[in-house]
Every structure is written in C-alpha cells, then in structure tokens.
**Student:** 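Shown below is the structure under consideration.
If you're wondering where the values come from, they're calculated on a predicted model, not measured in any experiment. Numbers restart at 1 for each chain; the letters A, B, ... are given by sequence-line order, proteins then strands.
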Amino acid sequence: MKQDTAAKTMVIVSSLYFGLALTMGLLTALKFVVPTVGEIEYLSLPRVRMLHTNINLFGWLLQANMGILFWILPRILHTRLFSEKLGVLNGVVYNIAVIGGLASIVLGHVKNVEYGEMPTPFDYLVALSWVLFGINVIGTIAIRKVKYLYVTVWYTLGAVIWTTFVYITGNMLSQLPMVTGINQANLIWFYVHNAVGLIFTPLGVAIAYYMIPKQLDTPIYSHKLSMIGFWVISFVYVWTGAHHMIHGPVTYWLQTVAIIFSFSLIIPVMAVITNFFGTFATAPRGTRMKGPIPKLLMMGTVYYIFTCLQGPFQAIRSVNEVVSKTDWVVGHAHMALFGAFSYYAMAGIYYVAPRMAGRKHLYSEKLGDLQFWIMTIASVPFFAVLWISGVVQGYAWLNPENSFVETLAAIKHAHIARFTTGGLIYLAYFLFIYNVLQTFFGKYPEEETTVAE
Amino acid sequence: MKIDVEKSLLWSAAGAFVFFAVGAVSTTIVPPMVDKSLWSSEQPVHEYTEQEMRGMEIYRREGCVYCHTQQIRHLDSDQRRYGWRLVKAPPSESWEYVNDRYHFIGTKRTGPDLGRVGGKYSSEWHYAHFKDPRNMGEKFPDRKGIYEKASIMPSFAYLSDEDIRDLTAYLQTLGRNKNWRVDENGKPLNDYEK
C-alpha cells in the first residue's frame, strides 16, 4: 500500500469533520439566543451540543492528531510506518465508530458520560481503533533507525498508554451495574478531565514539539525542560478529575487532593511553555513568523498558557464558588480544545498537507494568514465574553434575591456576542478547508502558467 | 547495567505507565474503599420504581444534564437559592445517590439546580412547563413577565404524554432522601407537591 495513505485519509476526513463540529457549535449558540430555532427532537439543544463535542473531539481533533502523527513519527524515527495496512484499517474502524456513534446520539441512544456519549458498541470500536493505533505507534518505534527517542515520541507513547486506561474506565467500567451515583460520577470525571489532559494535551504537545523546531529551523530550546515537562505531567495530571466537583457531594479529601494537583500542573506547563517560547526567541528573526504555521503555533501556545493558568485558578475553593457551573467554564474548555489544540492541529495540517500531496508549499500562505487573523481576532472576544458572563452570573447567584431567570437575562448580551464571534470563526474555517483541499487536489497557479507556456 | 530511558522503548513506556498508575489508582479505586458512603448508605434510600427508571432514562436521552445540575453544594448561596420558603435546602451528600443507576450531578447550570426539585411543583406544572416553558397558560400567572422572555429552556412538546408522566415521576423523587422541609421545631412539614 502506498506510503502515508492512512495519514492522508485521516487528515482530510478530520478537516471535514471540523466544519461539521463548528456548524453544531454555531447552532447551539443560536439556540441560546433564540431557543425556538429548530424545535424538533433530533435537533434539540442537548443533542446538538453532544454532537458538537463528540464531532470535535473524535471526528476532528483525535483523528487529525492520529493522521498527523502517522506522518510525523516515521520521519522522526527515520523509518516507515510499522504497517500502512493496519493504519488504513485503523482509520476505517475509527470512522465507522464515529459515524455510528453520532447517528446514535441523534436518535437519543446515549451514555450518561460527558464527552463519551457514543453508546456501545461504538465506544468499543473506538477502543479497538485506539489499540490499532497503539500497535502502529509502538511498532514504528520498535523498527526505528535512530537510537534516541525524541520528546514527540514520548508524548505519543504516553498518550497511547494512558488513554487506553482512561477511556476504558470512563466508558466501560463506569457503566457497570454496581457503579452508581457519586462513585460513577468520580470515574466519569476521571475520564472527562483526562480526555483533555492525557489524550489531547500530550498529542497536541507532541505535534508542537515536532513542528516548532522544524518550522523555525532551530533546535528545541532545552532538552532538560522537555524531560521535566513530560515526567511531571505523567505523574500529576491524572489526580485532578475531582476538581469538577468542588463543594459538591464527593469526599472532601478527594477534592483537596484534586486542588493540590491542579496547582502542581503549573510545573509541567511552564516547562513546556518556556521551551516553546525559548525556541521562538532563538529562531531567526526575519522568518520566524512567516506564513500561517508559526502564527498558529505561537497563538496556540499563548492560549495554552492561559488555559493552563486558568485551570489551577478555578480550582481554588473560593474562586470555584463564583465561576463553577457558569459560562466561565465553557470559555475555559474552548480555549483548551479550540484555542490551543485545534490551533496546533491546524498548524500540523498546514505543514503536512503539502508534503503529503507532493507539493512544495501550501496552496496559499496569504489565505492561511487571513484565516489565522480572522480566527484569532474572533476567538479572543469569543472566550472573553464567556468569562465575563460567567463572573456576572456567578456573582448574581450569590444573592438569593435574584431569581434564576433574572440572572439569565443579565447575560443575554454575552450569548449574542458568542454567536456573532462564533460565526466569524465559522467563516474562517471555510478559508482553512479551501486551502487544505486545494493543496491536496487543486491546481496551483504556477502549474497553470507552465501549462500555458 | 546503565539504563538510558531515552533510548529504551520499554523503559519509557514502563515509566510513563507507573507514574500514571499511582494517581489513577489513588483517585478511582481508593476513594470507594476509604469512603463507603460513595456506594452504600446507613439511612434508607429511595428505590426507583419502574416508571421512575423510565423517567431517568428519558432524562438521560433528552440531555437535561447539560443545562441542569443535581447537587446542592456546601455553599450558603446554593442552600438558600434552592430552598423552600425560608427553609434552606440541605447540601447533597454522596449516600443520597447510591441508587442512581445513572448519575446526573452535572457541571453546567444554564437552568436552575434540580437536586431538590422533587415536590417543589405539581406534576401539572411540569406538564405545562415541558410543553412550553415560555407560555404556560393562564393557570400559572406567576410564570408571566420575565419567564416569557428570558427562559431559554427548550420546549419538549415532542415528548408523548406518557414520557412526560414518567419523566415527572422521576423529577418528583429528586432530593427527597432527606425529608428536609421542616418547621422551626424540626418537625417535618410534608408539604411536598405531588
């Protein structure tokens, strides 16, 4: 089978899913403004929301990451992918799982697992394709032609191992008949939090660790820092799930443990950030921000700092009292999964797409730049209005004299602003997908001129 | 023998797994071993009837949890807001949930908390509310004004009457494992709506 078939397919398919996910997001936002839009069972707000999160996480982000890594890993390890056939099978099984899972959600067959609503058997298929991915990653490492394992490889390997347990715990063990109530909630939060922390963080960081030095043509700032970052994150991240239930009905010491470990997350995050910015700082000045790729990587890193400092801050009991359960958290989640990791994935796709297609460069750097600027200028207020409305509502709730609907009416402007800025992000997506599809399948202007000659 | 983790697939993998496993075990397996109230209760806890179980499944299917939490947190503001008249709602505790086959403690309050909503409204009220939260008809004049404009709860008019009955039966059980509405002498008022 032709080299990179699996990588290429997954990158293209995931980019298309991204658009679908954003469509669902925009529809959710619209329903917050005008709740009577699309009042039919299959498009009720909770189902659209579940579609939005599941398409983003599984259709888009995880698949994009797998595709990009299928391309990156063999390059770092100076070898080929362990098995291209297995990779393609991986992609097929995975997409059957995603499509089946999404169809089930539309029909209302769901698990009570946030981010894991896809019901059996589709969640088992996701797990199966994850095992196939794992075999390919480990196999590729085993047949490598270099001695040392680069950071990107550690993070990918870590994600493969951790995610297996995290996914099974949250999606399968939590559904066993004897697991009920708060015990079940605890297992599910273990999954939800680590889905972001031990799936998307390591995969996103793995990609950035490859892309930043490559794109800037500068060695990584500090090898020691990358080691510290990796080993500390593999120890501390997993403890934090219970910070979603602060002040709630779960064991008090478990909350405290989660809060303490949420704070220690600042260590690995700072290690990673210092490393990324250090590399940017030592890169040649003239070219380090040229084109959309370094811009996306830079802005993704900025969002990564913000979201990772917000996390510990929100976990403080007194802060949590105000912001928890409000729109603030929605802003936080978007900055992590859209701001940081989708930016990294888009940078990754812009980088690998021309190489996969055998082109010298991206279809249009200008268009890429434009897409970057629209998305960035729209996403800053997009996150900010959610935080503002979260704080407004959080404080309003402290006074029982304010009726609930009054506190809701007070944040109407934020919901309108979210829809508008979200709409801009949506428009920018079409520039992204056009650029990617043109790079793969389109005709480049210079090719046309050569034909004319 | 000198081990160079950076050169060894086996050692990197083993290290990443062990570091992770410490936290994973301590936060998933240890808590229920130490804190029995996560899965058992000394007080009696309501056993759901078949109808209420169906209601719980409708609650899951319709995704009510994405807008409603089911937990009165250990915070004065929560206890007052979700109390009844001048009685504060007691904070939710883990033993109250041990019979919940599916948990819905939730994380986002787009709508009010439902942790102790059982008995707050009549089932007729819920029926009218599910049909159209923005216009509940002439029988509920207190739902005029701001409710008509500001409620963003979706209409669940597409649910069959039977589904609404099951769902309401489930809602009416919520938070009732504590008989919390008491007068100033601590005597139960038992003034819950049916």
**Student:** With only heavy atoms counted, which part of B:Leu9 is less than 4.5 Å from chain A, the side chain, the backbone, both or neither?
**Tutor:**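 Both backbone and side chain.
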**Student:** Select one option (side chain, backbone, both, neither) describing which atoms of B:Val65 are under 4.5 Å from chain A's heavy atoms.
**Tutor:**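 Neither part, no heavy atoms under 4.5 Å.
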**Student:** Taking the six-membered ring of B:Phe140 (Phe, Tyr or Trp), confirm whether the NZ or CZ of B:Arg134 is under 6.0 Å from its centre and within 45° of its axis.
**Tutor:** no
**Student:** Assess B:Arg176 against B:Tyr192: is NZ or CZ under 6.0 Å from the centre of the six-membered ring, and within 45 degrees of the ring's axis?
**Tutor:** yes
**Student:** Which atom names give the shortest non-hydrogen contact between A:Ile143 and A:Thr79, and what distance separates them?
**Tutor:** O-OG1, 3.4 Å
**Student:** For A:Asn399, is it the side chain, the backbone, both or neither that has a heavy atom under 4.5 Å from a heavy atom of chain B?
**Tutor:** backbone
**Student:** Any salt bridge between B:Asp113 and A:Lys325, counting N to O under 4.0 Å?
**Tutor:**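 No, this pair does not count.
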**Student:** For B:Tyr158, is it the side chain, the backbone, both or neither that has a heavy atom under 4.5 Å from a heavy atom of chain A?
**Tutor:** side chain
**Student:** Around atom CZ of A:Phe82, are there more than 12 heavy atoms of other residues, nucleotides or ligands at under 6.0 Å?
**Tutor:** no
**Student:** Salt bridge check: are A:Glu321 and B:Arg73 linked by an N-O gap of less than 4.0 Å?
**Tutor:** no
**Student:** Tell me, out of A:His415, A:Glu39, A:Gln393, who's got the most heavy-atom pairs with chain B below 4.5 Å.
**Tutor:** A:Glu39
**Student:** With a 4.5 angstrom heavy-atom cut-off, which part of B:Thr69 approaches chain A: side chain, backbone, both or neither?
**Tutor:** side chain
**Student:** So does A:Tyr395 have more than 12 non-hydrogen atoms from other groups sitting under 6.0 Å from OH?
**Tutor:** no
**Student:** Please classify the contact of B:Pro31 with chain A as side chain, backbone, both or neither, using a heavy-atom distance under 4.5 Å.
**Tutor:** both
**Student:** Between A:Phe190 and chain B, which part of the residue has a heavy atom less than 4.5 Å away: side chain, backbone, both or neither?
**Tutor:** side chain
**Student:** Given a strict heavy-atom distance threshold of 4.5 Å, which part of A:Asn112 is in contact with chain B: side chain, backbone, both, or neither?
**Tutor:** both
**Student:** Heavy-atom distances under 4.5 Å only: say whether A:Leu198 touches chain B with side chain, backbone, both or neither.
**Tutor:** side chain
**Student:** Using non-hydrogen atoms only, which part of A:Trp154 is less than 4.5 Å away from chain B: side chain, backbone, both, or neither?
**Tutor:** side chain
